[in-house]
Amino acid sequence: MHAMRLNAPHTPLQWTELPDPEPGPGQIRVKVGACGVCRTDLHVVDADLPFPGHSLTPGHEIVGRIDAIGPNVTDLHIGQRVGIPWLGHTCGHCHYCETGHENLCDHPLFTGYTRDGGYATMAVADAHFTFPLPEGIDDVATAPLLCAGLIGWRSLVIAGKEAQSVGLYGFGAAAHIIAQVALWQGRKIYAFTRPGDTRTQDFARSLGATWAGGSDELPPEQLDASIIFAPVGALVPAALKSVHKAGRVVCAGIHMSEIPAFSYDLLWEERQLVSVANLTRQDGVDFLELVPRVGIRTKTTAYPLREANRALDDLRHGRFEGAAVLVP
Ligand SMILES: [Zn+2]
Ligand SMILES: [Zn+2]
């Protein structure tokens, strides 16, 4: 097999030949059809997340077909199409696993970080942490659903059912997917982009956003909730200003630059500031069930696997709308 490997932080990924991985007990192996490029992959390369200390294959939005099955896998079969997300394994017996919060497991493995991921021609995963996918869907179009979609979904749920007007800070892969869900649910969307990024603002309006503007602007009315997808701590006080009394601000990213000091007035009046971490398997089941009902369309830019470094660089500089996807 081949993979784009990260051998040390802050270095380009290297095209590498490796022995085919063998699935262990409870595991499956897939032939990768497509793998999405997530901002978390940049945080891994940049060591914003602690570098695990060994070379690794990034990528946690994997769509593939099972081509080998390890012992003790009974509910999946060779040739089946599956999705492999960020949450690769949990211990099953810590306080968080036992109370329905497996996203916070004390001893997890994360795909494309602490376990090899999908910037590769093959990947191995725990059968119980993969999602069966229907036939007749496009691999590239589906890949971004497995993190951008899932984390976006968890963030929208945490923003609250009662939030009718929702601000989205950073209108990239996650926001463009979850905006479609929110609109389908009858909510209003307000899109905040980098100041002056009229192209992305037009994109947001084309999907049905009520309003789109720069993150340095205030929305035309105060919002019920805002979700911050961009990894920019300065957006926290900005988003707190966007919501009315008792409004909620959800930080959806795994890493953010430092949050600047802000006046308590911004949090006062029962505004809430919360974060979202990882996903549970139930999030995946709930969200993937919604995808066909909502008719979600992802906007993607496909890159050959060998050009993963270019895809990451384009993501870093906001050079495309929607999501980048690698194709082996
Ligand atoms: Zn656990
Ligand atoms: Zn991700």
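Remember, it's 1-based here, ligands and their atoms both numbered in the order they're listed. All figures in this text were calculated on a predicted structure; none of them were measured in a lab.
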Of all the N, O or S atoms in H60, which one sits nearest to the Zn ion (ligand 2)?
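Sorting the N, O and S atoms of H60 by distance to the Zn ion (ligand 2) puts NE2 first.
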Hey, is R187 close enough to D224 for a salt bridge, meaning N to O under 4.0 Å?
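Here R187 does not pair with D224 in a salt bridge, since their nearest N and O are not under 4.0 Å apart.
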Can a donor-acceptor pair be found between the side chains of D106 and H95 at a distance below 3.5 Å?
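H95 and D106 do not have a side-chain donor-acceptor pair below 3.5 Å.
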Without hydrogens or angle criteria, can the side chains of D46 and H10 be said to hold a donor-acceptor pair below 3.5 Å?
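Absent: no donor and acceptor within the cut-off.
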Is any side-chain heavy atom of E321 closer than 4.5 Å to one of R199?
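Counting from C-beta outward, R199 and E321 do come under 4.5 Å.
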What count do you get for protein N, O or S atoms closer to the Zn ion (ligand 1) than 2.8 Å?
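Of the protein's nitrogen, oxygen and sulfur atoms, 4 lie under 2.8 Å from the Zn ion (ligand 1).
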Below 30° counts as parallel, above 60° as perpendicular, anything between as tilted: where do the rings of Y113 and F110 land?
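Rings of Y113 and F110: parallel, under 30°.
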Is the gap between the ring centers of Y119 and W15 under 6.0 Å?
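Y119 vs W15: aromatic centres not under 6.0 Å.
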